[in-house]
Amino acid sequence: MPNSPFQPVELHHASRLLNHGPTVLVTTAAGGRRNVMAAAWSMPVEFTPPRVAVVVDKATFTRELLVAGGGFVLCIPGAALADATFAAGSRSGRDGDKFDALGLQPRPGPVLGLPVLEAGCAAWLECRWLPEAHTEAAYDTCFGEVVAAAADPRVFAEGRWSLRPDNADLHTLHHLGGGLFARAAQTVQARPL
Ligand SMILES: Cc1cc2nc3c(=O)[nH]c(=O)nc-3n(C[C@H](O)[C@H](O)[C@H](O)COP(=O)(O)O)c2cc1C
């Protein structure tokens, strides 16, 4: 995308964006409406083609637009977006546009045109919804195929996260409850035994 500092992430590396369980901002759009909500429960489920799962409560506006629009974006906020992330998970888009209220400025995703957040985010995965009638009848889990992904190269490049003191604002958020997040920061490199 023009003027974007983000770099495309090869789809076979997309799972690494979610491997460590960051809280995400799920964005959706359909019929001229758009929305964003927080989700702590998302994960990769397949490598090729890359597929993900995210729990989206059936009562949410996000779920309504996800189904209507046939897709969603998992945007991975950095620590500087902790307040906006908690707020996006504490009110409904049915009561007003959360992008405007929270100062989030999306751009159209490259494949599906869904709202992609970059400023303050570490990465995003644009996903085509994979309807699974049996699962959805029993659970709130939704599946998607990742059709495009990109990351801020300051924190994720060549398929690897690099969490350093100088990119602390882009360290991912991990919800502990009640708006308290742990920030992914202290890493340990395993050595061959
Ligand atoms: C940090 C955080 C994580 C959340 N994780 C999830 C989740 O994984 N799944 C879910 O359905 N709701 C989750 N929620 C709740 C939704 O974000 C919340 O219901 C939101 O208001 C729905 O907005 P919407 O109606 O605009 O879609 C979370 C909320 C917060 C604050």
Side-chain angles (χ1 to χ4, degrees), residues 14-15 17-45 51-106 109 112-117 119-146 168-185:
S15 65
L17 296 172
L18 297 177
N19 213 30
H20 61 311
T23 296
V24 296
L25 289 167
V26 185
T27 65
T28 47
R33 300 180 298 166
R34 62 181 190 173
N35 196 39
V36 54
M37 79 164 223
W41 292 0
S42 72
M43 62 187 285
V45 294
R51 279 159 281 176
V52 299
V54 59
V55 175
V56 180
D57 191 310
K58 289 181 183 65
T60 61
F61 187 41
T62 295
R63 181 67 172 254
E64 180 183 333
L65 292 191
L66 186 159
V67 171
F72 56 91
V73 184
L74 302 183
C75 305
I76 303 180
L81 286 183
D83 295 346
T85 300
F86 188 59
S90 305
R91 64 182 87 161
S92 178
R94 291 194 178 97
D95 300 325
D97 186 286
K98 285 190 268 187
F99 293 98
D100 287 343
L102 301 174
L104 302 171
Q105 295 183 322
L112 305 175
L114 295 172
V116 159
L117 295 169
C121 285
W124 52 257
L125 304 92
E126 193 179 35
C127 304
R128 180 178 287 117
W129 178 44
L130 299 171
E132 290 286 349
H134 175 75
T135 302
E136 287 154 19
Y139 304 100
D140 286 330
T141 308
C142 298
F143 293 91
E145 178 179 341
V146 183
D169 278 356
L170 293 173
H171 293 184
T172 53
L173 293 165
H174 304 263
H175 197 220
L176 303 177
L180 181 66
F181 295 93
R183 202 175 61 185

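These numbers come from a predicted model, not from an experiment. Whatever order the structure lists ligands and atoms in, that order sets their numbers, starting from 1.
In terms of heavy atoms, L170 sits closest to C121 at CD2-O, 3.5 Å. When all heavy atoms of R34 and P106 are compared, the pair lying nearest together is NH1-CG, 3.6 Å.
In the candidate list A82, G89, A40, G89 is nearest to atom 15 (C) of ligand 1, counting heavy atoms.
With rounding to the nearest 0.5 Å, the separation of CG in L81 from CG in L102 is 9.5 Å.
Inclusion of N35 in the set of residues having an N or O under 3.5 Å from an N or O of ligand 1 is warranted. Distances between N or O atoms of T85 and those of ligand 1 include no value under 3.5 Å. Considering backbone and side-chain N/O atoms, F86 never comes within less than 3.5 Å of an N/O atom of ligand 1. Note: an N/O pair closer than 3.5 Å links G93 and ligand 1 by distance alone. For ligand 1, the polar-atom distance check finds no N/O of H175 at less than 3.5 Å from any of the ligand's N/O atoms. The shortest N or O to N or O distance between R94 and ligand 1 is not below 3.5 Å.
Counting heavy atoms of neighbouring residues, nucleotides and ligands inside a 6.0 Å radius, atom CZ of R51 exceeds 12 of them.
Among all protein heavy atoms, the one lying closest to atom 23 (O) of ligand 1 is K98 NZ, 3.1 Å. Scanning the protein heavy atoms around atom 14 (N) of ligand 1, the nearest turns out to be A38 O, 3.4 Å. The shortest contact between atom 12 (N) of ligand 1 and any protein heavy atom is with M37 CE, 3.6 Å. Ranking protein heavy atoms by distance to atom 27 (O) of ligand 1, first place goes to T62 OG1, 2.6 Å. For atom 19 (O) of ligand 1, the nearest non-hydrogen atom of the protein is T60 CG2, 3.9 Å. For atom 11 (O) of ligand 1, the closest non-hydrogen atom on the protein side is D57 N, 2.8 Å. For atom 25 (O) of ligand 1, the nearest non-hydrogen atom of the protein is S92 OG, 2.7 Å.
Interface of A39 with ligand 1, defined as ligand atoms under 4.0 Å from a residue heavy atom, comprises 4 (C), 5 (N), 6 (C), 7 (C), 8 (O). For ligand 1, the atoms lying closer than 4.0 Å to a non-hydrogen atom of V56 are 11 (O). Short contacts between ligand 1 and F61, defined as distances under 4.0 Å to a heavy atom of the residue, involve ligand atoms 24 (P), 25 (O), 26 (O), 27 (O). Proximity to W41 (heavy-atom distance under 4.0 Å) selects the following atoms of ligand 1: 8 (O).
The side-chain heavy atoms of E145 and C127, taken from C-beta on, include no pair separated by under 4.5 Å. Residues T141 and E132 have side chains not in contact (no heavy-atom distance under 4.5 Å, counting atoms from C-beta outward). Side-chain contact between T27 and V116: absent, with no pair of heavy atoms (C-beta onward) separated by less than 4.5 Å. In this structure the side chain of V26 reaches within 4.5 angstrom of the side chain of L74, judged on heavy atoms. Counting heavy atoms from C-beta on, the side chains of L18 and M43 never come closer than 4.5 Å. A heavy-atom distance below 4.5 Å is not found between the side chains of L117 and W124.
Aromatic ring orientation, F181 versus F86: perpendicular (interplanar angle above 60°, classes split at 30° and 60°).
In summary, the side chains of T62 and N35 do present a donor paired with an acceptor at a separation below 3.5 Å, with no hydrogens or angles considered.
Assignment of R91 to the shell around ligand 1 is supported, since a heavy atom sits closer than 4.0 Å. By the 4.0 Å heavy-atom criterion, V55 is counted among the residues contacting ligand 1.
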